[in-house]
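Before any comments, here is the structure.
Naming: A, B, ... by sequence-line order, numbering from 1 per chain. Keep in mind that the numbers below use all heavy atoms, side chains included, and drop hydrogens, waters and symmetry copies.
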2 protein chains.
Amino acid sequence: MTKHNEGPRWLNDEERRTWLAYLHASTLLEDHLDRQLQRDARMPHVYYGLLVHLSQAPRRTMRMTELARNAKITRSRLSHAVARLEKSGWVRREDCPSDKRGQNAILTDEGMEVLRRAAPGHVAAVRQAIFDRLTPEQQKSLGEIMQIIAEGLQPAEAGADLPWLR
Amino acid sequence: MTKHNEGPRWLNDEERRTWLAYLHASTLLEDHLDRQLQRDARMPHVYYGLLVHLSQAPRRTMRMTELARNAKITRSRLSHAVARLEKSGWVRREDCPSDKRGQNAILTDEGMEVLRRAAPGHVAAVRQAIFDRLTPEQQKSLGEIMQIIAEGLQPAEAGADLPWLR
DNA sequence: GCCATTTCGTTCAAGTTTCAAGAAGTTCTT
DNA sequence: AAGAACTTCTTGAAACTTGAACGAAATGGC
């Protein structure tokens, strides 16, 4: 006699502790970085991330949708965010030549400069919160684990299972 | 001749990958849980967390400040949140008898019921995103790592280093 | 007792995010 | 080539968050 389908599988004690620790760490960290950047660069962490993405793109330019996908935010959210960043002068837009629906977001020189000034403090905060506290093995482990979790939540990139198409 | 104080210590490739993976995983996960709970229980993840905390407190009752501290959110945010949860009927307030400034937040029966109904789906989502994908060693590792990070960001609990005072 | 300081919780205003809807352009189908 | 279906991006309103300022109550000298 096997048990049928019993109710939900609750977390056991250890799992609960792990999950709680994750929740605490992630909220505290996001909070910490948000404050740090708000104080030093007058923008929230997400916006900073957008500038970073743009700074690494060729010509510091990226299509809105791609930027949204890379930064893991909705297109709507990005629209508002870029509007704000545009008002601050860190980013400007231009129409995409090849697709008239499209917009390119472009990191301005001023935006690049803001990034340059904010980056050291931000990196220091990240280092201090994470890398300075973990052994090399733990760092490696963290990377692998987060990779796995992210993959599980990723809506499966187009063609990801057809590598020869990439 | 030792190098003086050279500029900021940037992240190396591996560190960068790890940090990126963390960022992606954590945003995707928070997003995922937010949507799941918004859909199934009509409240954001943070609010659900408040109900959970209350449900575990004696008499399902907690002082506002303590709840805020446990849930890692500001008192201001909690004020708004409880106001909303009160409007929904999941939580009610009462004056604290011993301290006339104080308020107790109390999980109502209705709130408890909502929690009961939402919990299985939520746990399933967490399990599916995390525990189902990690080996036991990875789970253990994750717990330890997050514990360390959280401790580093915790504003050092009062009396934490004076355990006999607790 | 009295005054300075701290704590508790709320409120306001400003900023951010979400959701639903929609305008404009592209692609697919026949 | 027309129309349906889809993609790109924006918009507006509602929900949520933040930080500062605030009133009320408690606390700690002195």
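B:Arg39 comes within 4.0 angstrom of nothing in the nucleic acid, heavy atoms only. Residue contacts shown for A:Asp34 are absent, as no nucleic acid heavy atom lies under 4.0 Å away. No engagement by B:Arg42 is indicated, since no non-hydrogen atom pair under 4.0 Å with the nucleic acid exists.
Shown here for B:Arg127 and A:Trp10, the closest heavy-atom pair between the two residues is NH2-O, 2.7 Å.
Considering only side-chain N and O atoms, A:Arg63 lies under 4.0 angstrom from the phosphate OP1 or OP2 of D:dC9. Put simply, B:Arg77 has a side-chain N or O that comes within less than 4.0 Å of OP1 or OP2 on D:dT17.
Residue A:Arg69 contributes atom CZ, which lies 12 Å from atom C1' of D:dT8 at whole-angstrom precision. Rounded to an integer number of Å, the gap from NE2 of B:His45 to P of C:dT18 is 15 Å. Distance, B:Arg84 CZ to C:dG9 P: 21 Å, rounded to whole Å. In this entry the distance linking CG of A:Asp99 with C1' of C:dG25 reads 7 Å, nearest Å. Rounded to whole Å, atom P of D:dA15 lies 17 Å from atom CZ of B:Arg35. Distance CG (A:Leu37) to C1' (D:dT18): 15 Å, rounded to an integer number of Å. Atom CG of B:Asn104 is separated from atom P of C:dG9 by 8 Å (rounded to the nearest Å). Rounded to whole Å, the distance from NZ on B:Lys100 to C1' on C:dT7 is 17 Å.
Salt-bridge annotation for A:Glu66 and A:Arg69: absent, with no side-chain N of the basic residue lying under 4.0 Å from a carboxylate O of the acidic one. A salt bridge is absent between A:Asp95 and A:Arg101: the closest approach of a Lys/Arg side-chain nitrogen to an acidic carboxylate oxygen does not fall below 4.0 angstrom. A salt bridge links A:Glu86 to A:Arg93: one of the charged nitrogens lies within less than 4.0 Å of a carboxylate oxygen.
Here C:dG25 is the nucleotide among C:dG25, D:dC9, D:dC16 with the atom lying nearest to any side-chain atom of A:Arg101.
Projected onto DNA chain C by closest heavy-atom contact, A:Ser98 and A:Ile73 fall at different nucleotides, the more 5' of which corresponds to A:Ile73. Looking at which nucleotide of DNA chain C each of A:Arg75 and A:Gln38 is closest to, the 5′-most match is held by A:Gln38. Comparing B:Thr74 and A:Gln103, the nucleotide of DNA chain D nearest to each residue sits closer to the 5' end for A:Gln103.
In summary, of the residues considered (B:Val46, B:Leu50, B:Leu85), a side-chain contact (heavy atoms from CB on, under 4.5 Å) with B:Leu78 occurs for B:Leu50 alone.
The rotation axes computed at either terminus of the helix from C:dG1-D:dC30 to C:dT30-D:dA1 lie 30° apart, taking five pairs at each end and rounding to 10 degrees.
Ring pair A:Tyr48/A:His45 is tilted by interplanar angle, where 30° to 60° counts as tilted.
If you check distances only, the side chain of B:Ser76 does reach the base of D:dG19 with a donor-acceptor pair under 3.5 Å. Counting distance only, with no hydrogens placed and no angle test, the side-chain atoms of B:His80 and the base atoms of C:dT10 include no donor-acceptor pair under 3.5 Å.
Taking CZ from B:Arg77 and OG from B:Ser79, the interatomic distance works out to 13.0 Å, rounded to the nearest 0.5 Å.
With no hydrogens or angles considered, no side-chain donor-acceptor pair links A:Ser26 and B:Ser26 at under 3.5 Å.
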